[in-house]
Amino acid sequence: KAEETVQRVLVRGYRGKEVIVDYTGGTKNMSVALALAAITHGFSFSYVGGSERTKDGVGIVVNGYEKVYPSINPWDFLAVEEKRKIAALFNQYQFKAARNLTDNLLERATKYKSVFKKLGFLIDGYYSWDLFRHQRALEFFKKAKIDEILETDDKAIKTLAIDTKKILALLEDIVKNDKSPSIILMLDLYSNAERRFEEGKIDDAILRLYRLVEMSAQEKLFRKYDIDVSDIKEDQIPEKCKNEFVKNYKSQRDGKIKISQTAAFKLIYVLGDDLGQRFKDNESRFLDIQYSRNYSYLVHGFNSSNEKTYELLRDFILGLNIFEVKDAPVFPKIVI
């Protein structure tokens, strides 16, 4: 009957704190049934107590001494399971699903409505960051008002805010370097690949590491030699390989010299750079990995890449000594 009552209220269009559940009267069974039927809908709860009771203070409230205790929403205190689900999804990088659950929680809550709203913005920030939308991520983190979250008494959300504040400087650096190859972008790409690997999305993870190898060559040429791989000037190419590069990589359409990943590492090697030497020393390993990658579903073939291919490529990259893994951004976890 309690469930029928709740449905009748919902059908008539009433929601959330528009509805007050008074569980004062009736037997204990009736009160419990009403609370269980109504608790997941975010209604307000009301209880009538009193300052004076019969039977030496343990009986019923004396007429005229009633006192109403309104706006008690058990959902604020008992939404533990929903928060656990949000944490599980967030920790598995299922940010969109976590955000949907946060919206549902927001509809039902009263006391923590502002906190859950800010949590939603935090999740949006990580979702955008995971999609390489760095500027948008920064905007969401600003909307979250992290300093205000730090004042909440919800330990899990507060800890997430603290951990987010610690890595904001990295995100700001990424935004500054978003349009040119850099170490900070490679670190971000590496972390993204690790998250995909943790999810079990092996092919996606490998594609990210493969792009990282390419970016490492681009970054070295750009930062140290002021060479743009999509527009190399002839006087930037050593005589030893100038004719080859002009012949093979000069575009007939716009006259620009644009080189491939392999050519970029060859140029670095000819320039006498240590990175070029390290790549050349391990080139056969890379070619084996490249062969596996080229025949995956997401490139040219019909094979599903395995964890070993990813691990070999990761080891190859780390062997190039491009960056320190400890400097890579690590997304925090929500601990309930």
Side-chain angles (χ1 to χ4, degrees), residues 1-54 57-91 94-124 143-145 148-161 334-336:
K1 289 301 177 182
E3 180 63 27
E4 288 176 11
T5 303
V6 169
Q7 292 304 316
R8 186 164 65 247
V9 168
L10 295 174
V11 167
R12 295 169 85 174
Y14 296 104
R15 293 291 185 274
K17 59 184 178 182
E18 291 179 306
V19 182
I20 299 175
V21 179
D22 186 343
Y23 59 97
T24 311
T27 65
K28 293 181 177 64
N29 285 344
M30 293 167 67
S31 295
V32 170
L34 180 61
L36 289 174
I39 197 170
T40 60
H41 297 282
F43 300 154
S44 292
F45 278 58
S46 175
Y47 176 77
V48 180
S51 57
E52 220 175 285
R53 292 177 177 269
T54 61
V58 296
I60 62 174
V61 176
V62 177
N63 286 343
Y65 290 90
E66 294 87 357
K67 184 176 181 181
V68 178
Y69 296 89
S71 301
I72 300 171
N73 183 359
W75 186 256
D76 286 335
F77 305 97
L78 301 177
V80 177
E81 190 58 35
E82 272 61 26
K83 287 194 280 188
R84 283 201 184 105
K85 291 175 183 176
I86 291 171
L89 289 167
F90 181 90
N91 295 344
Q94 303 301 306
F95 301 116
K96 198 167 185 179
R99 184 60 160 98
N100 290 338
L101 276 184
T102 304
D103 287 341
N104 292 337
L105 198 57
L106 188 60
E107 289 176 7
R108 300 169 183 177
T110 55
K111 180 181 178 183
Y112 294 106
K113 192 175 287 289
S114 175
V115 176
F116 292 140
K117 186 175 182 180
K118 292 180 176 70
L119 173 62
F121 285 134
L122 281 181
I123 294 171
D124 285 337
K143 282 185 178 180
K145 298 180 180 178
E148 292 182 11
I149 298 177
L150 298 179
E151 298 175 3
T152 183
D153 55 1
D154 189 301
K155 185 177 179 181
I157 299 176
K158 182 176 181 178
T159 301
L160 177 64
I334 300 177
V335 180
I336 299 296

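Residue Arg8 holds its CZ atom at 11.5 Å from CD of Glu3, rounded to the nearest 0.5 Å. Distance check: Ile123 CD1 to Asn100 CG gives 9.5 Å after rounding to the nearest 0.5 Å. Taking CG from Asn63 and CD from Glu66, the interatomic distance works out to 5.5 Å, rounded to the nearest 0.5 Å. Distance CG/Leu105 to NZ/Lys113: 9.5 Å, rounded to 0.5 Å. The CG atom of Asn91 sits 11.5 Å away from the CD1 atom of Ile86 when rounded to the nearest 0.5 Å. Atoms CD1 and CD1, from Ile336 and Ile157 in turn, are 7.0 Å apart once rounded to the nearest 0.5 Å.
Across all non-hydrogen atoms, the minimal contact from Leu150 to Ala161 is CD2-CB, 3.9 Å. Heavy atoms only, all atoms of each residue included: Ser31 and Gly25 are closest at OG-O, 3.4 Å. Of all heavy-atom pairs between Ala33 and Ala2, the closest is O-CB, 3.8 Å.
Residues Asp124 and Lys143 are not paired through a salt bridge, judged by the lack of any N-O separation under 4.0 Å between the basic side chain and the carboxylate. Look at Asp154 and Lys158 and you find no salt bridge, because none of the NZ, NE, NH1 or NH2 atoms lies under 4.0 Å from a carboxylate O. A salt bridge links Glu4 with Lys1: the closest approach of a Lys/Arg side-chain nitrogen to an acidic carboxylate oxygen falls below 4.0 angstrom.
Counting only distance, with no hydrogens or angles, the side chain of Ser46 and the backbone of Asp22 share no donor-acceptor pair below 3.5 Å.
Qualifying ring-ring contact (aromatic ring centres under 6.0 Å, His included) partners for Phe95, counting only residues two or more places apart in sequence or in other chains: Phe90. Lys118 pairs by the side chain to side chain donor-acceptor pair (under 3.5 Å) definition with Ser114, Glu148, not counting sequence neighbours. Considering only residues two or more places apart in sequence or on other chains, Ala38 meets the side chain to side chain contact (heavy atoms under 4.5 Å, CB included) condition with Val6, Val21, Phe43, Phe45.
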Test side chain to side chain contact (heavy atoms under 4.5 Å, CB included) on Thr159 and Val335 and set out the steps. CA-CA 8 Å; Thr159 301; Val335 180; over 6 Å; no
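The shortest side-chain heavy-atom distance between Leu10 and His41 falls under the 4.5 Å cut-off. Residues Leu122 and Ile149 form a side-chain contact, since some pair of their non-hydrogen atoms from C-beta on lies under 4.5 Å apart.
No side-chain donor from either of Thr27 and Asn29 sits under 3.5 Å from a side-chain acceptor of the other.
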